Every structure is written in structure tokens, then in C-alpha cells.
2 protein chains.
Amino acid sequence: MTRIDPLAIGLSCPLPIEDGDVIQMAHGGGGRKTAQLMDRIFLPAFRNAALAQLGDGALLAVGAERLAFTTDTFVVQPPFFPGGDIGSLAVHGTVNDLAMCGSEPLGLSVGLVLEEGFPIASLTRIVDSIARAAEHVGVPVVTGDTKVVDRGKGDGIYVNTSGIGRVRDGVTVGPERARPGDAILVSGPVGDHGIAVMAARSGIGLETPLESDSAPVLFLVRALLDAVPGTKTMRDPTRGGLATALCEIAASSRVGIRVDESAIPVRDEVRAACEILGFDPLYVACEGRFLAIVPGDSSDAALAALRSLPEGGGARCIGEVTNGDPGRVLLRTRIGSHRRLERLSGEQLPRIC
Amino acid sequence: MTRIDPLAIGLSCPLPIEDGDVIQMAHGGGGRKTAQLMDRIFLPAFRNAALAQLGDGALLAVGAERLAFTTDTFVVQPPFFPGGDIGSLAVHGTVNDLAMCGSEPLGLSVGLVLEEGFPIASLTRIVDSIARAAEHVGVPVVTGDTKVVDRGKGDGIYVNTSGIGRVRDGVTVGPERARPGDAILVSGPVGDHGIAVMAARSGIGLETPLESDSAPVLFLVRALLDAVPGTKTMRDPTRGGLATALCEIAASSRVGIRVDESAIPVRDEVRAACEILGFDPLYVACEGRFLAIVPGDSSDAALAALRSLPEGGGARCIGEVTNGDPGRVLLRTRIGSHRRLERLSGEQLPRIC
């Protein structure tokens, strides 16, 4: 799900889209250009309550049930990378979006676009990876579709995964629910996925091999919601990274956010690669981490719940929601100064998901 | 939803897929090669009850509700064609799949893959078309995703639409429910969509301009199910056309099927184009028609219900379910002989949906 809040766009005065304009790579980057498409084209066309929520998925009421519904297309290049592949990435991405809605996944769909000439052995490997990832989280792939396009009209394989989940009883989370005094937690170190894919694509050798963090966050979310059912907001910082996710939450909730650079976990090898390449790790995508915003007095309980599982061992409290300027995210740097974080502008790392 | 029955594959002894093999255009054609992928790769990987049903969508029980869930990716070339475009086609395709499950659509997702350089004006036109088509059937687009791929790695635009529906109370339809004595109805003339797209792509001028039949069948399905809630099977004959759909139903229900060539509605201009081009109209895709199988004694009521709406004016009873060889579909030709219909072999018309 592309997660853009129109309020944030309004605040940042985007350039209008001209009729003569064409799609640029940055329109898919999850930052300001993606937000422009959302604000100028998609939202006016599709305006409805469910879409306007702009969470990781839509919420639908069906009889007495609350359902979450989400979709994502994966175009990552290369399709196989250290720590994962396009198949497991797609399952994790969609399961994580369902988890971010506070829902238990019920079923997934898989839609493939295959390029003529794609090796059947690679397809088999990816389908097996989809099946294993789905089995790991206990959610069946219940329906699918396969299309083939001519050679030169695709790039091997694109994977769409959509998913349905059932929202847990007693849980209501959303990007608009953060309030001053809430604590902001992250479930582990950020930026691993984007750097791992970029290194695999460019052939850059990292001194310490780095793997993508692609993984389901479902088990962590269950532990968190068992411990703190009053959790306000959850979000997985994919395209646009941690900084963009925070900006979106600050805009949706119309609150200020302050985070502490020294508290944000970043692996040394990710930091080193970012320094060499000129990236900011706060804008690099994760595919197995999430942000949770919980009432301030539940911060310790939430952190303990996350740390009770191996994949949550690196969880940290990184900041707090404030009554500062609505939509403004401030970073307290290591040297004690303050820097405003904006959402990603342009395309930092194309086709990492 | 790719609809292939493994039984039919078993009956027709497919060649094994070799590791050295690569994807061919025919793997996306909806016929035997698509069935091979399903049988050899997808079904073994994803085996579960919902997928094994192999209808137009999966059925999921959530609390007291029965949900239908379906996905389809559209790669039609050209994206604008007489009678529609990739946007309206995608909405109709997914809404029709939900209708074929006997469900009322609740919400749609839209996942776009855009090629760098695609005109924003074309995107806007397609998004508006999606919105109009969705509004026409009263189903909201509730969630979405946009990815951009490099120039030369796509073909303008690919659209995935997934959908959720709620199965109507008292209705249970499925490809396995046809029984000897049932009547087979088609809601209108077949083959318009495939020929219209092919003509638009090739620049072939037809003497009488032909438009795609792309349209929602939801209103017709409502009329039919109101009149005949005991309807057994519904299917929209998209890729592979009417003949392949009949073969799949015959295989799933393990029954014989006999249809009458002279009863099958085909427009003169479609028949003429097919004769020139060497196509069989029974294998050409429709995107706004459906097959319904109803108890024999409800045939008149079903036909009257379909004909009560303008888009059902061309509805016909085309044949019956028999206790002949399970899986065998026989066509009584205009000259009174019998010909066995097999599912589509190879790729008749690539990228028509």
C-alpha cells in the first residue's frame, strides 16, 4: 500500500503535474513524487472513506467482522538478493501490511507478470519461496493469476500480492491515532534491506556481507498487541525509510514527533555503506521492521514484549510524540543539535521492493 | 484468476516441464500451457482447500460470513481499444470474477506497474476510467500501490486488480456443481473482446467497427440469482474463450457437456474476422459475458431473468450437461455432425487482457 497523507502534500506545496509530464522513476520512490500522484490523480478519482484512511491497508466492515485488505506489487531488481528473493519479499510485505492494520492474515493472492524467456527454474524457485514464506506465517495462498508479456516488455518477473486479514478484537490502530506523550518504538535496526539489494545489484562488495531484513513482523506484532492492546499506530518503514514513515504519521495525526539519532539502531555496515554511497540510513527501506507508537506509560511493557522474541532483540524506544508543530519531525542529532526530517524527495534507491 | 482443473491436465497427458525450459507467450494464454504451470508448479507449492477449488476466486469463511477473494493482472496491448481500456477492463474483470462466485463486491485494490516515460495524461485517463467503472457497479477502490520500472522494462502500464466480495445468502455456485440434465446458458454473443483488441493492435480495419464487450455482468448475475438461486455454476469465458471454459467445467464436475453450434451467439463481424484470420470464435475471449449452468427445469426462468436487462438481450440456451464421458465437451455442428472441443492449445491471441 502506498501510504501518503494529502495533508503533508498540502503543507509542502507540490508542483502541479502538467499534462505533458511523463512518469519518472521517482514517482515510484515512495516520497514526494509518489505523494504527488496520490494527491493529484488517485485521491480525487477514488475518494472514499476507506482509501482516505491511507494506512498500510484498507479497513472494511463485513457483518460483525472488521477486515483489512491490502495490495503491493514487487519489481525488485535483482529478484534474488542476500537474505531473500522477490517471492518471500512479496509475502512478507503483504503479511506485514496486514499486521500493521492490527489484523491476522486470512489469505493471500499472487499475481505474476512473467517476461517471455524467463527461466522456468527461476519461476519454480520463486514460487517455492512464496509457498515457504506463506507457510511460515500460517497464511494460505488461495488464489492467483499469471500473465506473460513479450520479451523486452518486462524484467523477468513482477509479483503482486494482495491479502485479507481479520482485525483483532479490541484493537484499533491507525496513522491518525498518535497523541502527545506517546512513545515511538522501532523493532530493530533500519536500512538493511535497501543496502543489501543495492549492493547485490551494483556488485559492490561490502566488507561485512549484509543481508536483507526481509521477514514477517507478525509474531512481534502479536506479542506487542497481547502486551499493549492500546497500541496507537504501527507502520513498516519500507520505501522512503524510517524518516518518511515518521513524517507521514506526524502529518496524519497532526502532531509533532521528536526522535533521537543516537537511539535509532543502524548496523555499522549499513552506516558505512551509506557514508560511502551518500545515502542517509533513515531513508533506506526496511522490509522486516516496524514502528510502533504506544501510550508513554506502556513503553516499557511494549519494549519487553518485542524483546521477548529473537527478531525483536534490537527493539528500541527512539523518541516521542510531542505537541510541537503538527506534521513536523525533529531529529536530535548525536551532537545535540536539531534537524528537521522531511519525507524522501526524489528516488534514492529505485526498485528495491 | 487462472482457472485450470488438474483433472483435465491428467486426462490430456501434458509434457513435463524441463528445468531448461523458459516461459513462452503461450504460458499466459489460459490454455494447456497455462494449465501445465498450474499443475506442475503452483498447485504442488500452494496446495490448500481454497486454491484447489479453482473457481474464479477463492472462498473464505470469516466468522459467519462467506467471502470471495480474487486477483487478476491486466497487460492488454494496446491499453486503449474500441469499447474500453485497461482500466475499465481491470475493474470489469475483477468484479465479474467476484460475481461468478455468487458474491456482491465489497472493495477493490489497484496495483499499477508504470514504465518510466509513460505519459501522465494517459495515466490520468486510465485512473479516471477505473474510477468510473468502479462507481458504475457501486464498489469502492479502497487500497492501491504504484511501482515504476525503468524504460524498456515494462510496456506503459500494467494493472492488477484484486477484489473482495460477500457471497449471497443461500447461493452456492462452483465449477464442480454441474449435473446431467442441467441447462447451459450464455448471456450474449461471444468473441467480441478478443477480436476488437486484435483489430486495434494490428490496425486491421473491420468492415463493421467492432467494440469490446468489456462490461460488468454483475447486474445480470443479480437478476439470475434472484430468479434461480439454485444456479449451479457461473463462469466468464475470458482467456481461452467459451470452449475452454466448458472444458474446465466438464472436467471439474466430471460430467459430459453437449452444446449446439447453431445456438451459440456469435456476431457476423466476429465470425467474418475469425474466418479471415483463422481463429475459432469459440476460443476468443469475452470480457462481459458469462456462462450459467442451471437445473434443466429452471432454464426458461433463467433465460427470462437474463433477457429482462438490456445487456442480456442476446442470452441463449446453448446446450446441456449430459452423463457422457466425464470431461468431454461435444459440439453439434451446423451440419449435424459432432466435434469434440478441447481446451485452447497454444496462444491464440496474446495480451488481450
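Values below: all heavy atoms of this structure, side chains included; hydrogens, waters and symmetry mates excluded. Everything quoted here is computed from the prediction, not taken from an experiment.
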Engineer: Within a radius of less than 6.0 Å around CZ of A/R201, do more than 12 heavy atoms belonging to other residues, nucleotides or ligands occur?
Structural biologist: yes

Engineer: Show the nearest heavy-atom pair for residues B/S162 and A/N160, with the distance to one decimal.
Structural biologist: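 Answer, listing the atom of B/S162 first, then A/N160: OG-OD1, 4.2 Å.
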
Engineer: Taking the side chain as C-beta and beyond, is there a heavy-atom pair between B/R351 and A/K153 under 4.5 Å?
Structural biologist: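 Contact flag for B/R351/A/K153 side chains = yes.
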
Engineer: How many angstroms lie between atom OG of A/S109 and atom CG of B/D72, to the nearest 0.5 angstrom?
Structural biologist: 10.0 Å

Engineer: Under 4.5 Å, counting heavy-atom pairs only, tell me which of B/P140, B/G152, B/G117, B/S122 racks up the most with chain A.
Structural biologist: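 Going by pairs under 4.5 Å, I would pick B/G117.
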
Engineer: Are A/V113 and B/V113 close enough that some pair of their side-chain heavy atoms sits under 4.5 Å apart?
Structural biologist: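 No - every pair of side-chain heavy atoms lies 4.5 Å or more apart.
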
Engineer: Where on B/L67 is there a heavy atom nearer than 4.5 Å to chain A: the side chain, the backbone, both, or neither?
Structural biologist: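 For B/L67, side-chain heavy atoms alone lie under 4.5 Å from chain A.
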
Engineer: Please classify the contact of B/I157 with chain A as side chain, backbone, both or neither, using a heavy-atom distance under 4.5 Å.
Structural biologist: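 Nothing of B/I157, per the 4.5 Å heavy-atom cut-off to chain A.
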
Engineer: How about A/T71 and B/T161: do any of their side-chain heavy atoms sit closer than 4.5 Å?
Structural biologist: no

Engineer: Does B/T73 offer a backbone N or O that forms a donor-acceptor pair with the side chain of A/D145 under 3.5 Å?
Structural biologist: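 Looks like yes, one N/O pair under 3.5 Å.
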
Engineer: Who wins among B/G156, B/G154, B/A134 for the most heavy-atom pairs under 4.5 Å with chain A?
Structural biologist: B/G154

Engineer: From B/I120 CD1 over to A/D21 CG, what is the distance, rounded to the nearest 0.5 angstrom?
Structural biologist: 5.5 Å

Engineer: May I ask you to check if A/K147 and B/Y158 form a cation-pi contact, with NZ or CZ under 6.0 angstrom from the six-membered ring centre and within 45° of the axis?
Structural biologist: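 Pair A/K147/B/Y158 does not count as cation-pi.
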
Engineer: More than 12 foreign heavy atoms under 6.0 Å from CD of B/E135: is that the case here?
Structural biologist: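 Count not over threshold, so no.
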
Engineer: Take A/F118 and B/V22 through the test side chain to side chain contact (heavy atoms under 4.5 Å, CB included) and record every step on the way to the result.
Structural biologist: CA-CA 5 Å; A/F118 188 63; B/V22 297; over 6 Å; no

Engineer: Please classify the contact between B/Q77 and chain A as side chain, backbone, both or neither, with a heavy-atom cut-off of under 4.5 Å.
Structural biologist: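 No part of B/Q77 comes within 4.5 Å of chain A.
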
Engineer: Rounded to the nearest 0.5 Å, what's the gap from CG on B/L60 to CD1 on A/I164? Could you check?
Structural biologist: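 CD1 of A/I164 is found 5.5 Å from CG of B/L60.
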
Engineer: What pair of heavy atoms forms the shortest contact from B/V148 to A/G28, and how long is it?
Structural biologist: CG2-N, 3.3 Å

Engineer: Considering non-hydrogen atoms only, spot the tightest contact between A/D128 and B/A45 and give its length.
Structural biologist: OD1-CB, 4.0 Å

Engineer: Counting only non-hydrogen atoms closer than 4.5 Å, does A/V62 touch chain B with its backbone (N, CA, C, O), its side chain (CB onward), both, or neither?
Structural biologist: both

Engineer: Report yes if some heavy atom in the side chain of B/T146 is under 4.5 Å from a heavy atom in the side chain of A/F42; otherwise report no.
Structural biologist: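 Yes. Closest side-chain heavy atoms under 4.5 Å.
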
Engineer: For residues B/M25 and A/D150, determine if any side-chain heavy atom of one lies less than 4.5 Å from a side-chain heavy atom of the other.
Structural biologist: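 A side-chain contact exists here, since the closest heavy-atom pair is under 4.5 Å.
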
Engineer: Please classify the contact between B/E65 and chain A as side chain, backbone, both or neither, with a heavy-atom cut-off of under 4.5 Å.
Structural biologist: side chain

Engineer: Kindly give the heavy-atom pair with the smallest separation between A/G57 and B/T143, and that separation in Å.
Structural biologist: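 Closest approach of A/G57 to B/T143: CA-OG1, 4.2 Å.
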
Engineer: Taking the side chain as every heavy atom from C-beta outward, state whether B/I130 and A/F46 have any pair of such atoms under 4.5 Å apart.
Structural biologist: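 With C-beta onward as the side chain, the pair touches.
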
Engineer: Decide yes or no for B/P350 and A/V149: does some side-chain heavy atom of the first lie under 4.5 Å from some side-chain heavy atom of the second?
Structural biologist: no

Engineer: Just so I know, are the side chains of A/R40 and B/T124 near enough to count as touching, which here means a heavy-atom distance under 4.5 Å?
Structural biologist: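 The answer is no, as the side chains (C-beta and beyond) never meet within the 4.5 Å cut-off.
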
